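In what follows, every chain begins at residue 1, and chains take the letters A, B, ... in the order their sequences are listed. These numbers were taken from a predicted model, which means no experiment stands behind them.
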Amino acid sequence: MPELPEVETMRRGVRPLVGGTIIEAFCPPSHHHPIKYRPPPETLFPALVGRSIRAVERCGKRLLLRLDNDHALVIEPRMTGRVSLNPPQLPSHTRLVLRVRMTQPRGNRKGAPVEHTMIFRDVRGLGAVHLLDANSCRTELGPQNIGPDALDISWQELRDRLRHRKCAIKVALLDQRAIAGVGNIYASEALHLARIHPTTPCHLISNRRWRTLQQALHLVLEEAIAKQGSTLSDGAYITPSDEAGRYQDEHRVYQRTGERCIQCRRGIIRRIILGQRSTFYCPVCQPAPRGS
DNA sequence: CATATGTCCTGAGAGC
DNA sequence: TGCTCTCAGGACATAT
């Protein structure tokens, strides 16, 4: 499931498209249910042709291609969406194909045209592709809907945004309006590193622990980016160059139910359900909050 | 406003 | 072997 590190890996992989011009955009014919396109495909795809790509950015768990007309092509991978650059052939469940011609090929004095193909593929089809104008970008990706990026947020801001809540800290970390980029994997991982029990109510967390949690989030996310994200047993996530991520091997608790904790070497990792999502923790490192 | 629940979707795996 | 069932969870809509 692409979270911040996986989408950041996508962003870095797709960076070679910057400066190129989109010469073709389409979705190959298929029998599967269409994903959510906005505007609908018959408007969206033609609107992309002829546009050049100014920048490739990440907004929380979304990938943004900034275009030369102040629009942005926003790709939301959600559960099983992934991008590939120059795939050998079009795989099943391909939802978008962009052919991009590089206008100024680097290190190529003869100027032979260089082309790239970027595809967005989404097996379960829960993802979305949006073409937003400048105004929609400001509102839909603005602070009303997307909180500060998890890599940029200070511990004080994290605290101030969550400390009034009574819900479990694990649930709060998944709220993209409070803090952007954290998903189910990295919420469990960061809480374990910070030694905070996932059910701890936000309003019971001390200043010292908010700071520890922010540092843990930062560390875990940076570690995961360095390993190009986590490819789980379902294999849903893969890097743009079709390599598996390697951070799943470094997971401290996620999908490690029954294993011995590598941090304290005593606890046995447990799995519970919080907010309808699997949550993993070590009962020794992360003692239950008082009164539960 | 905060929080809880239902919905979408497909393929993998379990169980019979 | 082949069928049916359950499960995975990010974002959003709707309800409380």
Visitor: For C:dA8, does the base pair up with any side-chain atom of A:Arg124 as donor and acceptor (N or O, under 3.5 Å, distance only)?
Guide: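 Indeed, a donor on one side and an acceptor on the other fall under 3.5 Å apart.
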
Visitor: Output the rounded distance in Å from CG (A:Leu232) to C1' (B:dA12).
Guide: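 That distance rounds to 14 Å.
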
Visitor: When you compare the side chains of A:Ser230 and A:Tyr254, does any donor N or O come within less than 3.5 Å of an acceptor on the partner?
Guide: no

Visitor: Rounded to whole angstrom units, what separation is found between the CD atom of A:Glu140 and the C1' atom of C:dA11?
Guide: 13 Å

Visitor: C:dG10, B:dA2, B:dG11: which one has an atom nearest the side-chain heavy atoms of A:His93?
Guide: B:dG11

Visitor: Other than A:Val74, what residues sit in its cluster of Ile, Leu, Val, Met, Phe, Trp and Tyr side chains whose heavy atoms are under 4.5 Å apart, directly or through others?
Guide: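 Via sub-4.5 Å side-chain contacts, A:Val74 links to A:Leu64, A:Leu132, A:Leu141.
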
Visitor: Let me know the distance between CG of A:Asn145 and C1' of B:dC1, rounded to the nearest Å.
Guide: 15 Å

Visitor: Rounded to the nearest angstrom, tell me the gap between atom CE in A:Met79 and atom P in C:dC7.
Guide: 15 Å

Visitor: In whole Å, what is the span from the NZ atom of A:Lys36 to the C1' atom of C:dG10?
Guide: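 Nearest whole value for this atom pair: 12 Å.
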
Visitor: Below the 4.0 Å mark, does B:dA2 have OP1 or OP2 next to a side-chain nitrogen or oxygen of A:Lys166?
Guide: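 Checking B:dA2 against A:Lys166, no side-chain N or O comes under 4.0 Å of OP1 or OP2.
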
Visitor: If you take all heavy atoms of A:Ala172 and A:Leu162, which pair is closest and at what distance?
Guide: CB-CD2, 3.9 Å

Visitor: For residues A:Thr94 and A:Arg121, is any side-chain donor paired with an opposing acceptor at under 3.5 Å?
Guide: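 On atom types as modelled, these side chains do not qualify, holding no pair under 3.5 Å.
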
Visitor: Closest approach to the side chain of A:Leu174, judged atom by atom: which nucleotide of C:dG10, B:dC9, B:dA2 is it?
Guide: C:dG10

Visitor: May I ask you to verify if any side-chain N or O of A:His33 is less than 4.0 angstrom from the OP1 or OP2 atom of B:dT10?
Guide: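 It does not, given that no N or O in the side chain of A:His33 lies less than 4.0 Å from OP1 or OP2 of B:dT10.
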
Visitor: Categorize A:Arg177 for me: base, sugar-phosphate, or nothing, with a 4.0 angstrom heavy-atom threshold over every strand shown.
Guide: nothing

Visitor: Categorize A:Tyr254 for me: base, sugar-phosphate, or nothing, with a 4.0 angstrom heavy-atom threshold over every strand shown.
Guide: sugar-phosphate

Visitor: From the list C:dA8, B:dT3, C:dA11, which nucleotide is the closest neighbour of the side chain of A:Gln176?
Guide: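 Of the candidates, C:dA11 comes closest.
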
Visitor: Assign each of A:Arg277 and A:His164 to its nearest nucleotide of DNA chain B by heavy atoms, then name whichever residue's nucleotide is nearer the 5' end.
Guide: A:His164

Visitor: Rounding to a whole Å, what distance do you find between A:Asp175:CG and B:dA2:P?
Guide: 9 Å

Visitor: How large an angle, rounded to 10°, do the end axes of the helix from B:dA2-C:dT16 to B:dC16-C:dG2 enclose when each is built from five base pairs?
Guide: 40°

Visitor: Let's see if you can work this out: which of C:dA11, C:dG10, B:dT3 has an atom nearest to the side-chain heavy atoms of A:Arg165?
Guide: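 Closest of the options to the side chain of A:Arg165: B:dT3.
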
Visitor: Would you kindly give the CG-to-P distance between A:Leu162 and B:dA2, to the nearest whole Å?
Guide: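 One finds 11 Å between P of B:dA2 and CG of A:Leu162, rounded.
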
Visitor: Using the rule that Ile, Leu, Val, Met, Phe, Trp and Tyr join whenever any side-chain heavy atoms are under 4.5 Å apart, tell me whether A:Val7 and A:Ile53 fall into a single cluster.
Guide: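 They do share one cluster, since a chain of ILVMFWY contacts under 4.5 Å joins A:Val7 to A:Ile53.
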
Visitor: Using salt bridge (charged side-chain N to carboxylate O under 4.0 Å, His left out) as the criterion, point out the one residue from A:Arg177, A:Arg62, A:Arg38 that pairs with A:Glu140.
Guide: A:Arg38

Visitor: So, are A:Asp249 and A:Lys227 salt-bridged, with charged N and O less than 4.0 Å apart?
Guide: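 No salt bridge links A:Asp249 with A:Lys227.
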
Visitor: Would you mind telling me which of C:dA8, C:dG10, B:dA2 lies closest to the side-chain atoms of A:Ser278?
Guide: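 Output: C:dA8.
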
Visitor: Which of the following nucleotides, B:dC9, C:dG10, C:dA8, is nearest to the side chain of A:Met1?
Guide: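 Among B:dC9, C:dG10, C:dA8, the one nearest the side chain of A:Met1 is C:dG10.
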
Visitor: Side chain of A:Gln276 only, heavy atoms from C-beta on: which candidate in B:dG11, B:dT5, B:dC9 is closest?
Guide: B:dT5

Visitor: How long is the line joining CZ of A:Arg82 and P of B:dT10, in whole Å?
Guide: 16 Å

Visitor: Is a side-chain donor-acceptor pair under 3.5 Å present for A:Tyr247 with A:Gln228?
Guide: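 There is no such pair between these side chains.
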
